[in-house]
Structure formats: structure tokens, C-alpha cells
Amino acid sequence: MNENANSFLGKEPIGKLMLKFAIPSIISMLIAALYNMVDQIYIGHGIGYLGNSATSVVYPLTVIALAIALLFGSGCGAYFSICQGRKEYEKSCTAVGNASLMTLICSLVLVAVYCIFQQQFLRLFGATENNVAYATEYFSYLIIGIPFYMLSNMLNIIIRADGSPRLAMGINCIGCVLNIILDPVAIFLLDWGMMGAAVATVFGQVVSGILSVIYLFHTKSFHLKKCSFIPHRETLKGVVTLGVSSFFTQVTIVVVTAVLNNALVKYGALSKYGADIPLTVIGIVMKIFSVISGICIGLTIGIQPIASYNYGAKNIERVKTLFKKMLISEFCIGAVALAVFEIFPTQIVSIFGSGDDLYMEFATLTMRIYLSGIVFTCVQKGCGAFMQAVGKPLFSATMSLVREVVHVILIIVLPVSFGIMGILYSAPVCDIVAIIVTGVLTFRLIRHLSASGRENALKTQEQVV
């Protein structure tokens, strides 16, 4: 173990470090988004839009697994890097061991719960009589890969924090490439249908999970011992405190998806589109959104070790510079995405398979309206992840909760007067509310960083005197 392996995070130019850490992280998050998108594309062409609506039903169940993985992964990544900045190396080892153990235990419990209450969960998230058979077949096989999926996502963050962002990207790439190769083979060649899509995904997850675990025996800046896996109350408290924002972000997605899917079925049935078209389209749009979200979150998660290390080492000016560069980058990502969605909605949706005129009409409306506030979303997600990195999980959780709570309320209220279109307008309205809250909390974060910088400068002067 080299205790000074990550000291370059406090010395190298910020721009150079951002490129080194952010690009592999963005690619990794895009790959994670591709896991779901590739299934949706092949299912759309091989099975039809009812198969895609079934994946929309199952999607929030995978998000629950991801929420738990990020609770320990993001929390441990931030805690680990802060400890490294403070040169508290034993604490960083304990954090990794404890987080890995808890992720494994929670994954096994989740598998058991899903197996017992499978049908109840599928109905809760909007399964209809037309797609429930597809959803059941898909989810029954997908459950097998959950422990590997959770360990892979949790450990990927640790691998980046350990100074190996390219390796973290490579491990994700291997799983995704296997999924892409096996999907058409299983769905078309072997004619396994929904089962084939699930098996291809699980195989990629298993390989990524195993490779991630192997890395724990070849680390750079820490070395795990048997005692690292013994639950330590204070360490777990620190990890969970820093990771709770990521957890709530994902859980609120699940809640919104449940309310959204059921509202789409209800008000879709009252419209000319019917129940299945809105459910299918919103699932596709959310997968497209996950690509942009992956870029935004990947950028901030990628630079999280830099922010956390320098915050722990009290290099506040470097933290502030990093924050400013991150904000500009997130805004640009959102602006480009907005332009693409507004100009090419039909072309983007067609990638996932075609439908009749009503299907394409609703798909185009959804792309242009539901995602019209994506610039605000990108900035908010970036700020939330950054605040988590510098030990402000409450700020991050507040931003996420406010947005999703407002979103749920609007999904319930607006359709009463505006029908299915009210659901589409709920997203941009809640984005406006969220960016206002984000602005207030960002101002407070900047004041906090400035005050910390002045305090550190005074201490340095006193030591010199």
C-alpha cells in the first residue's frame, strides 16, 4: 500500500485532473445507461412496444438496487477520499471493507424480497394485462444478476477513488460489450425473447461484478485486511451520511416512476393514445434522459475524488475552482442535449422501434415537452453530487427531495385539469422549482467554502508567526 499514491490530487492542475478523472467516469455512466437502452432497442425491434413497456415496469426495480449500491458506493467514495486527504489511511480501509460487506448483504436480502413479492412489485409499477407476462419473464431472470450489479456499481466508485478511473471504465465496458453482443444472439438467433434480453444483461453484470471484486486484491492506496470487513459503527455512519443523498436521489426516481406509470395508464386510457403507448414512450424517454443524466453525474462523480481529497486537505481554493469548472460544463451538456431533443425527437425515438401515427405523435410531444427543462436538471444534478463530495449531504438530499416531491404532486394534480398533457408539463415545471432551490443552496455552499478558506489562511499565518 502506498499511502501517498493519491497526493497528486492536491498538486496537479485542476483542468488536467478533471480530464483524467471525468472522461472515464462519464464513459462508465454512459455504459451503465446502455445496459437498459440496448435491451430496449433490441426488444423494440424483436418483440414490439409491449415488450418495451414491460421493461419500463421493471426499470424502477433495478433503480432500487442501484440506490442501495450508491448509498454505500458514493458514501464510501467520498469518505475514503476525505480520509486520504487527511492522511487517515486505516479509516479509508475500514470504509471500503464495511461498504463492500453491507452491499453484499443488502443485495441478497433484496433478491429474496423480489422473489417473494414479484407480482406485487410489477403491479405497483404499472404492469397492465397486456404486458405483465413480458414483465414477469424479464424480471424473473434479471433478479439473478442483482448481487453482481450492485457490487459492480458500488466498487466502481471505489476503483475511481483509488486513482484508477480508466480501469473502472474498462470493467464497465467489458460488461456492456458482452451485453450488446449477446442481446441479438439471445433474442433473435436463439429466439428467447424477453428471457434472452435478461440473460444477456445478467451475463454482463456477472462479469463486471467479478472483475470489480478481483480489483480489491490489487489496489493502489489501500490494502484490505480481515478486520476491514468487521462492521464499525462510526465508519458506517460516516459512509451512510455521505451516501444518503445518492440513495434518496435514486429512491425518489422509483417513487416518481411508480406514480408516473400509474398516472400514464389511467389518463392514457382516457385519451386517444390508450394506456400502453404513453407507458412505452415515457419508458423510452426516461432511458434517453438517463444518457444525459449519466454524463452529468459521471462528470461530478468522476471529479469527486479530487473535490473530496482537496476538501479533506483544506485546499479550499482548488475546491472552488473545481466547482466553477463543473458548473460551466454541466450547463453546456444540458444546452446541447436540449437542442438535440427539440430538433430531432422523431429520429431519436425511432431508434427504439417504430409504431403507428398515434405512437409517434405522443413520442414527439413527450421528447419536446417532458425534457424541455433538461438544462436545469443537469446543473442541479452536478451541484448535488458536488455537495456530497465536500461533506454537505444534507444540501444534496434537500435539492433532490424538493424536485421529486414537487414532481409527484404535479403528476397527481395537473392531469385532473389537463389530462395526459398535464403529466408531460409536470417535469419542466418542477425543474424550475428545483433550480431555484439549487441556487439558494449553492450560494450557501460558496459562502461556506470562502469562510473555510479564510479560516485556513489565518491558521497558516498564526503558524508562521
Side-chain angles (χ1 to χ4, degrees), residues 49-50 52-53 55-57 59-60 63 123-131 249 251-290 292-293 334 337-338 341-343 345-346 348-349 352 355-381 399-438:
Y49 75 83
L50 284 178
N52 270 339
S53 69
T55 64
S56 299
V57 171
Y59 176 67
V63 175
R123 293 292 182 181
L124 175 65
F125 291 111
T128 66
E129 293 302 323
N130 294 326
N131 66 30
T249 298
V251 168
T252 51
I253 290 174
V254 175
V255 174
V256 170
T257 304
V259 176
L260 181 61
N261 284 356
N262 283 283
L264 288 167
V265 170
K266 177 181 176 180
Y267 291 99
L270 298 175
S271 72
K272 63 180 179 179
Y273 303 109
D276 289 304
I277 286 178
L279 187 62
T280 302
V281 168
I282 206 70
I284 290 172
V285 169
M286 291 303 289
K287 298 293 172 59
I288 295 168
F289 170 75
S290 72
I292 306 304
S293 177
L338 178 62
F341 293 158
E342 295 296 323
I343 298 171
T346 305
I348 295 172
V349 173
F352 296 85
D356 56 24
D357 291 341
L358 280 177
Y359 175 87
M360 296 309 295
E361 177 187 323
F362 188 78
T364 301
L365 284 172
T366 304
M367 284 286 293
R368 285 180 169 161
I369 297 172
Y370 198 76
L371 298 181
S372 59
I374 197 165
V375 176
F376 297 150
T377 306
C378 291
V379 172
Q380 188 213 16
K381 286 186 177 294
M399 285 192 300
S400 177
L401 285 173
V402 167
R403 182 188 187 278
E404 303 309 339
V405 168
V406 171
H407 197 183
V408 168
I409 293 171
L410 292 173
I411 291 171
I412 295 171
V413 173
L414 290 182
V416 175
S417 301
F418 303 103
I420 195 77
M421 296 304 296
I423 297 176
L424 300 187
Y425 281 105
S426 65
V429 173
C430 79
D431 282 330
I432 293 172
V433 174
I435 200 64
I436 294 171
V437 175
T438 299

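Of the possible donor and acceptor atoms, none in the side chain of Ser293 sits under 3.5 Å from a partner among the backbone N and O of Ser290. Listed for the Asn262 side chain is a donor-acceptor partner under 3.5 Å among the backbone atoms of Ala258.
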Show your working on side chain to side chain contact (heavy atoms under 4.5 Å, CB included) between His407 and Thr252 and close with a plain yes or no. CA-CA 10 Å; His407 197 183; Thr252 51; over 6 Å; no
Side chain to side chain contact (heavy atoms under 4.5 Å, CB included), that's the test. Do Glu404 and Val251 meet it? Break it down for me. CA-CA 10 Å; Glu404 303 309 339; Val251 168; over 6 Å; no
Given side chain to side chain contact (heavy atoms under 4.5 Å, CB included), test Thr377 with Arg403 step by step and report yes or no. CA-CA 9 Å; Thr377 306; Arg403 182 188 187 278; 3.9 Å; yes
Assess whether side chain to side chain contact (heavy atoms under 4.5 Å, CB included) is satisfied between Glu361 and Asp357, documenting all intermediate values. CA-CA 6 Å; Glu361 177 187 323; Asp357 291 341; over 6 Å; no
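Heavy atoms of other residues, nucleotides or ligands lying less than 6.0 angstrom from CZ of Phe376 number 12 at most.
Contact record, Leu410 with Pro415: O-CD, 3.5 Å, taken as the closest heavy-atom pair. In plain terms, the two heavy atoms of Cys378 and Ile292 that are nearest each other are SG-CG2, 3.8 Å. The minimum heavy-atom distance between Tyr370 and Leu260, with the atom names listed, is OH-CD2, 3.5 Å. Across Ile288 and Met367, no two heavy atoms sit closer than the pair CD1-SD, 3.8 Å.
Across Ile277, Thr280, Val349, a single residue satisfies side-chain contact (heavy atoms from CB on, under 4.5 Å) together with Phe362, and that is Ile277.
Between atom OG1 of residue Thr257 and atom CG of residue Leu264 there is a gap of 10.0 Å, rounded to the nearest 0.5 Å. With values rounded to the nearest 0.5 angstrom, Gln380 atom CD is found 6.5 Å from Ile435 atom CD1.
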